[in-house]
2 protein chains.
Amino acid sequence: MNIGEVADKSGLPAKTIRYYEDIGLVTPNRSDNGYRQFRDSDLHKLTFLARARTLGFSIEDCRTLMALYEDDSRASADVKSVASQHLERIDQKITQLQSMRDTLSHLVAECAGDNRPDCPILNDLACHHE
Amino acid sequence: MNIGEVADKSGLPAKTIRYYEDIGLVTPNRSDNGYRQFRDSDLHKLTFLARARTLGFSIEDCRTLMALYEDDSRASADVKSVASQHLERIDQKITQLQSMRDTLSHLVAECAGDNRPDCPILNDLACHHE
DNA sequence: CGCAAGCCTTCCTGTGGCAGGAAGGTTGTG
DNA sequence: CACAACCTTCCTGCCACAGGAAGGCTTGCG
């Protein structure tokens with residue numbers, strides 16, 4: 001398979017696949033003409049990566065997860081550890097975003113949104129927050 | 001005031017303040033020795049920026065908000081518009097993160113986390129998601 | 001007066017995860 | 001044989017800074 005076909009099948013842009021080769025996540029063969037030649041196992045890896053990325057794992061997490069996936073003697077505890085830490089980071093992010101959301105939605109609700117200059121949003125921003 | 005003092009008072013790192021000058025968000029004077037000289041109005045701007053950044057506004061949003069803040073004939077509708085769009089982006093992000101969270105927490109809960117290789121998390125990643 | 005500590009300066013590189021695009025080679029079709 | 005549709009490498013840019021090198025200024029102490 002050429003890169004276009006694996007791009008279609010994996011759902012990843014060709015650019016991304018080249019990048020993943022650059023950083024050593026996949027290592028396709030090369031044809032005589034220099035084109036990348038992907039095996040089924042490469043496509044499999046790429047769909048694995050695509051799925052892990054949609055779940056928000058970092059590239060380094062993906063690298064770790066791939067290594068665990070390919071290690072038949074892995075301990076599921078190691079996988080769970082990576083996923084748990086990621087889950088924790090996600091929770092932190094959600095908490096932080098919800099805090100922003102709460103403040104912002106209050107301010108937006110209070111703002112008249114007309115053509116007068118008085119604005120609670122700007123008042124909040126300009127007020128000295130410690 | 002030198003940069004160290006405004007850094008302390010605004011809560012922003014000196015690096016960040018220099019960067020904000022680079023991109024034209026603040027324009028402090030210079031002393032004879034080349035040091036940046038910040039007025040009270042500069043400090044005021046920087047605390048405004050710090051607050052806007054903690055609410056998650058992008059630098060470009062901050063630029064717009066600052067311009068509106070300094071425009072006495074602004075319409076609060078313009079401010080509200082910027083804030084509403086930002087709020088919408090935050091909501092989208094939260095939704096997306098919660099979707100990740102739901103999937104991940106399911107998987108983590110199902111994973112035994114022992115020293116056997118069988119792992120629902122890896123099974124999910126490796127299974128062909130369209 | 002010399003010297004060290006603690007400020008300040010500019011400039012360069014790196015981060016994460018690619019996207020965009022230039023310049024050129026290859027392959028398939030009418 | 002022209003042309004489109006692939007493919008290649010290489011370079012730059014994104015965002016919002018952080019880290020650090022190399023050097024100038026200032027202040028206080030012995």
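Throughout, a chain's letter reflects where its sequence line sits, starting with A, and its residues are numbered from 1.
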- Item | Integer-rounded Å distance: D:dG24 C1' and B:Asn2 CG | 14 Å
- Nearest-angstrom distance from the residue atom CG of A:Asp61 to C1' of C:dG16: 13 Å
- Could you state the atom-to-atom distance from CZ of A:Arg63 to P of C:dG16 in whole Å? 11 Å
- Between B:Leu12 and A:Glu5, name the one whose nearest nucleotide on DNA chain D is closer to the 5' end. A:Glu5
- Verify the contact: side-chain N or O of B:Arg53 to OP1 or OP2 of D:dC17, cut-off strictly under 4.0 Å; return yes or no. yes
- Describe, as an angle rounded to 10 degrees, how the axis at the first end of the helix from C:dC1-D:dG30 to C:dG30-D:dC1 is tilted relative to the axis at the last end, five pairs per end. 30°
- Query: Looking at D:dT8, C:dG21, D:dG20, which one has an atom nearest to any side-chain atom of A:Ile3?
  - Reply: D:dT8
- Query: Between D:dC7 atom P and A:Glu21 atom CD, what is the distance in whole Å?
  - Reply: 14 Å
- Message: I'd like to know if the side chain of B:Ser10 and the backbone of B:Leu12 have a donor-acceptor N/O pair within less than 3.5 Å.
- Response: yes
- Query: When rounded to the nearest 0.5 angstrom, what is the spacing between CG in B:Asp91 and CG in B:Leu87?
  - Reply: 5.0 Å
- Note on the structure: Residues B:Ala77 and A:Gly113: closest non-hydrogen pair is CB-O, 3.2 Å
- Going by number, which of residues 26-46 of chain A have a non-hydrogen atom under 4.0 Å from DNA chain D? A:Arg30, A:Gly34, A:Tyr35, A:Arg36
- Side-chain heavy-atom pair B:Cys119, A:Lys80 within 4.5 angstrom cut-off: no
- Spacing between B:Ile17 atom CD1 and C:dT9 atom P, to the nearest angstrom: 10 Å
- Item | N/O (side chain, B:Arg18) to phosphate O (OP1/OP2, C:dT10) under 4.0 Å | no
- Message: Using only modelled atom types and a 3.5 angstrom limit, is any donor from either the side chain of A:Lys15 or the base of C:dG17 paired with an acceptor on the other?
- Response: no
- Protein-nucleotide distance (A:Leu25, atom CG; C:dG17, atom P), rounded to Å: 10 Å
- Over 12 foreign heavy atoms within 6.0 Å of CZ, B:Arg116: no
- Query: With no hydrogens and no angle check, do the side chains of B:Asp118 and A:Ser76 hold a donor and an acceptor under 3.5 Å apart?
  - Reply: no
- Query: Do the rings of B:His44 and B:Tyr69 sit parallel, tilted or perpendicular, given the 30° and 60° boundaries?
  - Reply: perpendicular
- Message: With salt bridge (Lys or Arg N to Asp or Glu O under 4.0 Å) as the criterion, how do A:Glu60 and A:Arg63 come out once you've worked through the C-alpha distance, each side chain's angles and the decisive distance to 0.1 Å?
- Response: CA-CA 5 Å; A:Glu60 284 317 301; A:Arg63 199 189 295 279; 3.1 Å; yes
- To the nearest Å, how far apart are A:Asp8 CG and D:dA5 P? 15 Å
- Message: Could you tell me how far apart A:Ile59 (CD1) and C:dG16 (P) are, to the nearest whole angstrom?
- Response: 10 Å
- Message: What contact category does B:Ile23 fall into here, base, sugar-phosphate, or nothing, at under 4.0 angstrom with non-hydrogen atoms?
- Response: nothing
- Pairwise distance CD1(A:Ile121) to OG1(A:Thr103) - rounded to 0.5 angstrom: 12.0 Å
- Message: Within this structure, what is the CG-CZ distance for the pair B:Asp61 and B:Arg53, rounded to the nearest 0.5 Å?
- Response: 9.5 Å
- Query: Is there a side-chain polar atom (N or O) of A:Thr16 under 4.0 Å from OP1 or OP2 of C:dG17?
  - Reply: no
